[in-house]
Every structure is written in structure tokens, then in C-alpha cells.
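Structure first, then comments.
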Amino acid sequence: MKRAGPRRHLAFDEVGSTNTLALEAGRAGDPGPLWVTAERQSAGRGRRGRAWSSERGNLYASLLVRDPAPIADLANIPLVAAVGLRNGIAQLPGIDGDRVRIKWPNDILVGGAKTVGILIESEKPAGESQLVVLGCGINIEHWPDDAPYAVTGLRREGYRGTASDAFAPLADGVEKALDLWDRGRGFDAVRKQWLAHAVGLGQPCRINLPGGEVADGVFEELDPVGRLVLALPGGRRQVFSAGDLFLLAAGTSSSPSAAPL
Ligand SMILES: O=C(O)CCCC[C@@H]1SC[C@@H]2NC(=O)N[C@@H]21
């Protein structure tokens with residue numbers, strides 16, 4: 001995604017959802033890349049239909065890109081976005097980059113606790129090019145206290161700056177990752193970076209599937225097209241392209257109450 005000129009960025013005080021605005025801009029013919037940010041969202045959304053609490057003090061940012069790659073490669077985008085945001089967060093003043101990791105497919109953890117969520121949405125209006133929106137919610141001053149897993153915010157992790165200060169380094173990280181990906185041709189390089197910063201490799205884990213089923217096994221690797229490979233008890237392997245990952249304490253993989261990450 002080589003930018004032809006300066007970064008295009010619409011910054012709002014309050015919106016429903018920056019993803020919605022970015023998609024609407026695409027439907028109205030915006031050529032992208034276009035960043036939409038807001039200081040607060042009244043209808044922020046997360047993965048799998050969940051709400052994303054969006055108080056002032058955190059950063060809400062969405063990037064619209066048009067036709068970013070051939071259709072067969074679009075499934076890479078969550079991993080590309082995760083690498084870009086991980087690298088951006090690791091550069092922020094006061095943050096120890098070694099503590100910034102990726103949890104499959106695209107949560108960013110700092111010190112083992114979720115700090116960034118990413119929601120990719122895409123659509124192809126009839127006769128038009130593919131619109132893809134990379135939506136990023138970055139916890140800075142606020143994080144939920146009722147999540148079923150560990151959650152934190154950049155302020156608690158040492159960040160010295162504001163939500164608006166964080167935007168340029170994070171946007172740089174995402175744009176560099178898109179450049180590295182090179183419309184799918186550079187996926188191997190992205191995959192290597194993703195693996196270098198992943199949590200849970202080689203460990204027992206549980207995948208909660210979008211349909212409600214669960215699968216337990218050992219997180220073996222990402223396959224060459226970016227799917228998670230789970231080694232199941234008994235020696236079979238299963239690949240997953242969507243779901244939520246929970247790390248299981250060793251030896252508890254059959255326990256439904258095993259502690260999530
Ligand atoms: O469930 C997740 O982990 C993904 C959360 C993504 C939230 C961001 S905030 C900016 C953008 N606008 C939205 O409505 N959602 C995404």
C-alpha cells in the first residue's frame with residue numbers, strides 16, 4: 001500500500017463507529033487509503049458481534065483500503081494488521097517492546113493482557129472494487145473490568161503520551177506491514193514476524209469456534225497461508241482460520257474451567 005502523498009486522515013470527536021464511517025466513505029467512492037479516528041464511539045463494535053466499549057481516552061482508528069490484494073489473499077489481513085499494530089505499540093514511549101505480543105489471530109497483548117482489538121470488515125458493492133476496513137481499538141486510559149481474560153491499557157503499562165500522540169506511530173506500523181505484505185506477495189515475511197511475536201506456540205490451548213464448538217490441542221504453527229495448526233490428542237492435526245484462542249495451563253486441557261490467557 002504505497003501512499004501517493006501525505007496520509008489522509010479524518011479525525012472526529014465522537015462517532016458511532018469509525019469502521020462504519022470508513023466503510024461509508026468507501027461506498028461513496030473514496031479511493032483510500034483513508035484513516036478515520038475518533039476520541040469516542042457511541043456504537044463501537046468488536047469481533048463476533050460483541051460491543052466495544054469506547055470511552056474518551058482510548059484510541060479508535062479505522063483504515064479504509066480499496067482492493068488491497070487478490071481475493072484469495074484477503075484472509076491474511078488480520079495477521080498483517082496484527083503485525084503492524086504490534087510493531088507500532090512496541091515503539092511507543094515508555095512501552096517495553098519485548099512485552100508486546102500477538103495472540104491469534106490478531107489481539108495485541110502487553111504483559112500477557114489484551115490491549116488492542118482489531119476488527120476487519122469488508123464488502124464488495126456490485127460492480128465496484130473490494131472495500132476493506134481495518135478497525136483498531138487501543139486501550140490507553142480505560143479497559144473493561146469484566147472481561148473473561150486479562151485486559152490492560154497502555155497507561156498502566158508505562159506509556160507516556162495521549163491517544164492522539166499514539167495515532168501516527170500506530171498508523172506507520174500498519175502501513176509498513178501492508179507494504180511488507182505487498183498485496184499478498186510478501187505474506188511469508190509477515191508470517192515470520194507474526195510468529196516471532198506470537199504467544200502460545202507449542203502450548204496447550206483451546207479454540208472457541210464461531211459456531212460455539214471448542215477444540216483443544218497444542219498450538220503447533222501457522223500454516224503457509226496463515227491458518228492456525230492445532231495438534232489434537234491422538235496425533236491428528238486441524239487447521240483454523242477463525243476463532244478465539246485461550247491458553248490452557250499444561251495438563252488441564254480437558255477442563256472446561258481451565259484459565260484463559
Ligand atoms: O473484538 C475485538 O477485539 C475487536 C475490537 C475492534 C474495535 C475497533 S475500535 C475502532 C473500530 N470501530 C469499531 O466499531 N470497531 C473497531
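Numbering of ligands and ligand atoms starts at 1, following listing order.
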Would you call [X] and [Y] a salt bridge, taking side-chain N to carboxylate O under 4.0 Å as the test?
X: Asp244; Y: Arg48; result: yes
X: Asp179; Y: Lys176; result: no
X: Glu157; Y: Arg99; result: yes

Ring geometry between Tyr149 and Phe246 (parallel below 30°, tilted from 30 to 60°, perpendicular above 60°): tilted

Side chains of Ser62 and Asn19, donor plus acceptor under 3.5 Å: yes

Side chain to side chain donor-acceptor pair (under 3.5 Å) partners for Asn87, two or more places apart: Gln193

Under 3.5 Å, N/O to N/O: give me all the pairs between ligand 1 and the protein, one per line with atom names and distance.
| unit_1 | atom_1 | unit_2 | atom_2 | d |
| --- | --- | --- | --- | --- |
| ligand 1 | 1 (O) | Arg47 | N | 2.7 |
| ligand 1 | 3 (O) | Lys114 | NZ | 2.6 |
| ligand 1 | 12 (N) | Thr18 | OG1 | 3.2 |
| ligand 1 | 12 (N) | Gln41 | OE1 | 3.0 |
| ligand 1 | 14 (O) | Ser17 | OG | 2.8 |
| ligand 1 | 14 (O) | Arg45 | N | 2.9 |
| ligand 1 | 15 (N) | Arg45 | O | 2.7 |

